[in-house]
Q: 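Structure incoming, see below.
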Amino acid sequence: MRIFFGALLASGVFSAPAFGGDIEGPMKQFGLMGAWSSNCSRELSQPTMDRVTFAAPSGGEATATILDKHGGVLITTVDQVTESALVASDEIGIGLHPVTVTRSDGKTSQHDYDNMHLVFQKVGVRIEVVRIQFEGLPEIQRSVFFEKCPN
């Protein structure tokens with residue numbers, strides 16, 4: 001799971017958690033809801049693919065479901081979005097806490113369960129992960145682009 005964002009990117013830059021506990025509002029305002037991928041045409045059947053789907057069901061907690069497949073091993077992680085805040089008009093910071101991690105090979109890693117903070121920046125119709133910070137580690141600057149997937 002962390003390969004996906006670690007390789008793609010994935011902050012203390014968060015000025016504050018979402019005010020009043022409103023996590024969904026900034027995500028919707030930014031346009032983050034839905035499925036995103038570095039290549040939406042890649043299917044789950046292919047040896048390599050990645051996709052993250054942000055959702056906030058009515059009355060439920062906001063989540064990020066991450067599908068990351070490399071070398072034929074699919075890692076599915078469901079993260080609770082613990083915070084979201086607009087950093088600037090074209091940037092959003094979000095905090096993620098892993099709730100479940102499932103690997104097709106049955107293995108687990110301690111890092112599959114790390115909290116992380118991400119900063120996304122709008123670039124036209126795409127978003128770019130520009131910073132990531134795993135809990136207890138220094139921030140990493142990255143540049144990985146995602147396109148919004150139709151499904």
Q: With rounding to the nearest 0.5 Å, note down the distance linking CH2 in W36 to CZ in F54.
A: 9.0 Å
Q: Can you find a heavy atom in the side chain of F145 that is under 4.5 Å from one in the side chain of V129?
A: no
Q: Taking side chain as C-beta onward, heavy atoms only, is D79 less than 4.5 Å from H97?
A: no
Q: Any sub-3.5 Å donor-acceptor pair from E24's side-chain atoms to K28's backbone N or O?
A: no
Q: Taking all heavy atoms of A62 and all of I23, pick out the closest pair and write down the distance.
A: CB-CG2, 4.0 Å
Q: Side-chain donor-acceptor pair under 3.5 Å between N39 and S41, yes or no?
A: yes
Q: Quick one: does T65's side chain get under 4.5 Å of T77's, heavy atoms only?
A: no
Q: Is there a side chain to side chain contact (heavy atoms under 4.5 Å, CB included) between I75 and T102? Walk through the geometry before answering.
A: CA-CA 6 Å; I75 303 169; T102 307; over 6 Å; no
Q: Determine whether E147 and V125 satisfy the following criterion, side chain to side chain contact (heavy atoms under 4.5 Å, CB included), listing intermediate values before the conclusion.
A: CA-CA 7 Å; E147 60 188 43; V125 296; over 6 Å; no
Q: Going by heavy atoms in the side chains, are E128 and K122 under 4.5 Å from each other?
A: no
Q: Between the side chains of E135 and H117, does any donor sit under 3.5 Å from an acceptor?
A: no
Q: Would you mind listing every disulfide (SG to SG under 2.5 Å) that reaches into residues 115-151, with sequence neighbours excluded?
A: C40-C149
Q: If we only count heavy atoms from C-beta on, is the V73 to R103 side-chain gap below 4.5 Å?
A: yes
Q: Check whether any side-chain heavy atom of F30 lies under 4.5 Å from a side-chain heavy atom of L86, and answer yes or no.
A: yes
Q: Any donor and acceptor pair, going by atom type alone, linking the side chain of Q46 with main-chain N or O of E43 inside 3.5 Å?
A: yes
Q: L96 and L118: side chain to side chain contact (heavy atoms under 4.5 Å, CB included), yes or no, with the steps?
A: CA-CA 8 Å; L96 298 177; L118 303 165; 3.8 Å; yes
Q: Any donor and acceptor pair, going by atom type alone, linking the side chain of D50 with main-chain N or O of K69 inside 3.5 Å?
A: no
Q: Using the rule that Ile, Leu, Val, Met, Phe, Trp and Tyr join whenever any side-chain heavy atoms are under 4.5 Å apart, tell me whether V78 and M33 fall into a single cluster.
A: no
Q: Are any of the side-chain heavy atoms of E83 and I94 separated by less than 4.5 Å?
A: no
Q: Rounded to the nearest 0.5 Å, how far apart are NZ of K148 and CZ of R126?
A: 15.0 Å
Q: Would L137 and Q133 count as a side chain to side chain contact (heavy atoms under 4.5 Å, CB included) here? Give the steps.
A: CA-CA 6 Å; L137 296 174; Q133 184 175 21; 5.6 Å; no
Q: I'd like to know if the side chain of S104 and the backbone of L74 have a donor-acceptor N/O pair within less than 3.5 Å.
A: yes
Q: Quick one, P98 and D114 - any side-chain contact, counting heavy atoms below 4.5 Å?
A: no
Q: Quick check: closest heavy atoms across A35 and R51, and the distance to 0.1 Å?
A: CB-CD, 4.1 Å
Q: Just how far is it from atom OG of S84 to atom CG of D22, taken to the nearest 0.5 Å?
A: 6.5 Å
Q: State the CZ-CD distance between R131 and Q141, to the nearest 0.5 angstrom.
A: 6.0 Å
